[in-house]
Every structure is written in structure tokens, then in C-alpha cells.
Amino acid sequence: MYTISTEDFDLDYTLDCGQVFRWDKDGDWWTGVVNNAVARISQNPKTGELLVDSSLDEDFFYQYFRLDDDLPAIFEQINKDEHMDIAINKYRGLRLIRQEPWECLISYMLATASNIPRIKKNISMLSAMFGEKLEDDLYSFPKAEDLASTCCDDLCECKMGFRTARIIKAANAVVTEDIVLDELFQLDYHDAKKELMSLEGIGEKVADCIVLFAFDKMEGFPVDTHVEKIVRTYYGDDPFFEGKATKTKIGNWGRHYFGKYCGYAQQYLFYQKRLEGLV
DNA sequence: TGGCAA
DNA sequence: GCCAG
């Protein structure tokens, strides 16, 4: 058990925001599986200090929770109007999470035409069937090899529907090194995205999520149906969009309007809508 | 634009 | 959401 002191970090907002799917809260404690290990974390609401029970060390969580991000500097960049000002002040301490690339890739392929409870269920079934047992009911996320070598029927039990075949193909692409995930860190936002979109089942939105959440490309601005509604409501179809605001147009607008940290802007808008709906 | 699977 | 049509 050890502590991590934090500033501008809210554990509840960050783990609840819908970016990650393997954490659950029980009382004051969040329990999750990350990096092949179990972690239990709580936060002192007065001091912001984290209490951590895990074999993973302080440095791991510093990276994972992006405590290296200078939040005030990021706010200064993205605080372009009243809407964003309200969101960042209300949910201050919400941070992006730096996810493991492979797990992030599969998680967001599963997110296609799905919802958070179902994605969580899919991932926990996948882990229970193909991962390593860490504790009772807690399993590591399966490796690419584990998913690539399994037969389709077994995977079908995880209720992923049409996503199953895509997951197997992606696992194979990783195993055969058709795609080398670590190399995407070297590429810029657009090239990393293009590379991911060569996989079946990864389009614009999913690729944006993966480069933003796993590859440190904070220009990622994923536009799902929620963000589409938010932007239409707050910023209108005109004059920004010269006609109907399509998802593609909204994405380009968001990157331009909020600048190089627009991924954070998206996260705050998204979380606000999740908690409050459209106001 | 509708089918995907549930 | 992605993709084939």
C-alpha cells in the first residue's frame, strides 16, 4: 500500500467517464485490472491523495492517469467559450487515461454500435475465457496470440456478434506483425490514424479514440453520436459548418477550434453530457 | 442507406 | 459505428 499525491486530479470523474471499461467502484475503492495486475485505489477527497494497493508502482499510475499533463495549460488552450468554461470548471480533475495500445484497440473495436455496459461485459467475458486468472473473478486482458489462436466458436460465446471476426483478424494482424502497434507512437496523428484504419472494423471514430487514448495524439477528436449532438446543440449547424454538420465536418472543426489539446475538450464535453444530458 | 447481433 | 452496395 502506498500513496500518490495529486493536483487537479479527480479519480471518480476519470474512471467513470467512459474511457476505460475494466474499473468498478465499491464504496470508496475502485478495483480494476491494468497491465496484467489488479489495482485497488481510493482518493482522499480533502487532499487529493491516492491510496494504492497494487503490485504496479507509483510511476505506472503517474503515466496511466496522465498526471504528467499540465491541466491548467491545457485548459488555457481549450477554453474557447462559455460552454467549455463551464465544463472544465465543473469537472476539473477529469483526465484522459493513457491506455495500453492492444487493449485499447480491441476495446474500441467492440464499442462499435454498442454501449458501455455491454462493452464491459464483452471485455470481462473475453478476459475470463482467454486471459490469465489474477484473483477470484479478475482476469488479465488476453494477449493477441491468445485471441488469434482461438476458434471462432469459443469467441462467439463472448457475445460480440459481427465484431468477433474483426477481433480475430486484428489479433492475427498483430501476431503476424502486419501492424506493429508500438510503431504508431512514432507517427503523427494523421498517419497513425490511417494505419489503424487499414484494419477491418476501424473507421474514423474508433481510430480517433485509439490514437487519443493509447498513442498520445491529443489532436484526436472522436465524434460519436453524443459529441455530434453536443456540438450541434451548442455550436449550431451554421455558421461554422456551411450546411449540415456531418461527423467528419464536426471532427475537423473540433480539431481546428480547440487546437492541439482538443482531445481533452472532447472528453469534458462528452462527460458533461453523460452526467447531465444536453442543457 | 440498411444490415450487422442481441 | 463500420462497411458494402
Side-chain angles (χ1 to χ4, degrees), chain A residues 17-22 96 99 101-130 142 144 147 150-174 178-179 181 184 189-215 217 219-233 237 241 243-255 262-263 265-267 269-271 273-274 277-278:
Chain A
C17 74
Q19 188 195 323
V20 287
F21 306 101
R22 303 216 72 201
L96 292 167
Q99 291 186 252
W102 163 248
E103 179 172 336
C104 185
L105 174 85
I106 297 302
S107 299
Y108 281 90
M109 288 182 78
L110 287 173
T112 295
S114 190
N115 53 64
I116 292 169
R118 183 172 169 200
I119 301 164
K120 286 181 91 167
K121 212 169 288 173
N122 288 151
I123 294 176
S124 87
M125 292 173 98
L126 262 185
S127 302
M129 282 184 76
F130 305 105
L147 297 187
T150 161
C151 82
C152 192
D153 285 350
D154 289 346
L155 265 175
C156 283
E157 289 178 37
C158 297
K159 308 291 180 199
M160 303 182 296
F162 59 87
R163 301 164 198 84
T164 308
R166 300 170 173 181
I167 300 293
I168 295 177
K169 283 183 186 168
N172 274 296
V174 167
D178 249 4
I179 185 165
L181 294 181
L184 303 190
Y189 166 68
H190 289 285
D191 288 344
K193 216 168 131 177
K194 208 181 299 171
E195 185 74 12
L196 288 167
M197 286 171 69
S198 71
L199 295 173
E200 189 182 322
I202 299 192
E204 185 96 21
K205 188 269 177 180
V206 171
D208 251 344
C209 286
I210 300 170
V211 296
L212 174 63
F213 298 146
F215 291 102
K217 318 292 185 207
E219 322 95 294
F221 193 82
V223 183
D224 68 349
T225 144
H226 302 289
V227 172
E228 183 181 15
K229 285 199 184 103
I230 295 164
V231 172
R232 283 198 185 155
T233 305
D237 276 320
F241 300 111
K244 192 177 158 66
T246 61
K247 283 198 170 70
T248 305
K249 280 190 203 168
I250 291 173
N252 292 334
W253 166 81
R255 282 180 274 278
C262 62
Q266 190 268 5
Q267 197 80 335
L269 291 175
F270 184 86
Y271 189 53
K273 177 171 186 293
R274 243 169 80 68
L278 290 173

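Everything numeric here is computed off the predicted structure, so don't read it as measured data. Every chain is numbered from 1 and lettered A, B, ... according to where its sequence line falls, protein lines coming before strand lines.
Shown here are the side chain to side chain contact (heavy atoms under 4.5 Å, CB included) partners of A:A207, two or more places apart in sequence or in another chain: A:K193, A:L196, A:M197, A:I202. With sequence neighbours excluded, no residue forms a salt bridge (charged side-chain N to carboxylate O under 4.0 Å, His left out) with A:E157. Not counting sequence neighbours, A:F221 has no partner by the ring-ring contact (aromatic ring centres under 6.0 Å, His included) test. Judged as a salt bridge (charged side-chain N to carboxylate O under 4.0 Å, His left out), and not counting sequence neighbours, A:K159 has no contacts. Residues passing the salt bridge (charged side-chain N to carboxylate O under 4.0 Å, His left out) test with A:K205, sequence neighbours excluded: none. Contacts of A:F130 classified as ring-ring contact (aromatic ring centres under 6.0 Å, His included), with partners at least two apart in sequence or in another chain: none. Residues passing the salt bridge (charged side-chain N to carboxylate O under 4.0 Å, His left out) test with A:D178: none are found, sequence neighbours excluded.
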The test is side chain to side chain contact (heavy atoms under 4.5 Å, CB included); show your working for A:L105 and A:F213 and say whether it passes. CA-CA 10 Å; A:L105 174 85; A:F213 298 146; over 6 Å; no
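For DNA chain B, the span of nucleotides reached by chain A at under 4.0 Å from its heavy atoms goes, 5' to 3', from B:dC4 to B:dA6. Chain A approaches DNA chain C within less than 4.0 angstrom (heavy atoms of the protein), and the contacting nucleotides run 5' to 3' from C:dG1 to C:dC3.
Sorted by first and then second residue, the salt bridge (charged side-chain N to carboxylate O under 4.0 Å, His left out) pairs with a member in residues 106-123 of chain A read A:D24-A:K120; sequence neighbours excluded. Counting only residues at least two apart or in different chains, side chain to side chain donor-acceptor pair (under 3.5 Å) contacts with residues 165-174 of chain A comprise A:K169-A:E200.
Within a heavy-atom distance below 4.0 Å of DNA chain C, the residues of residues 103-127 of chain A found are A:T112, A:A113.
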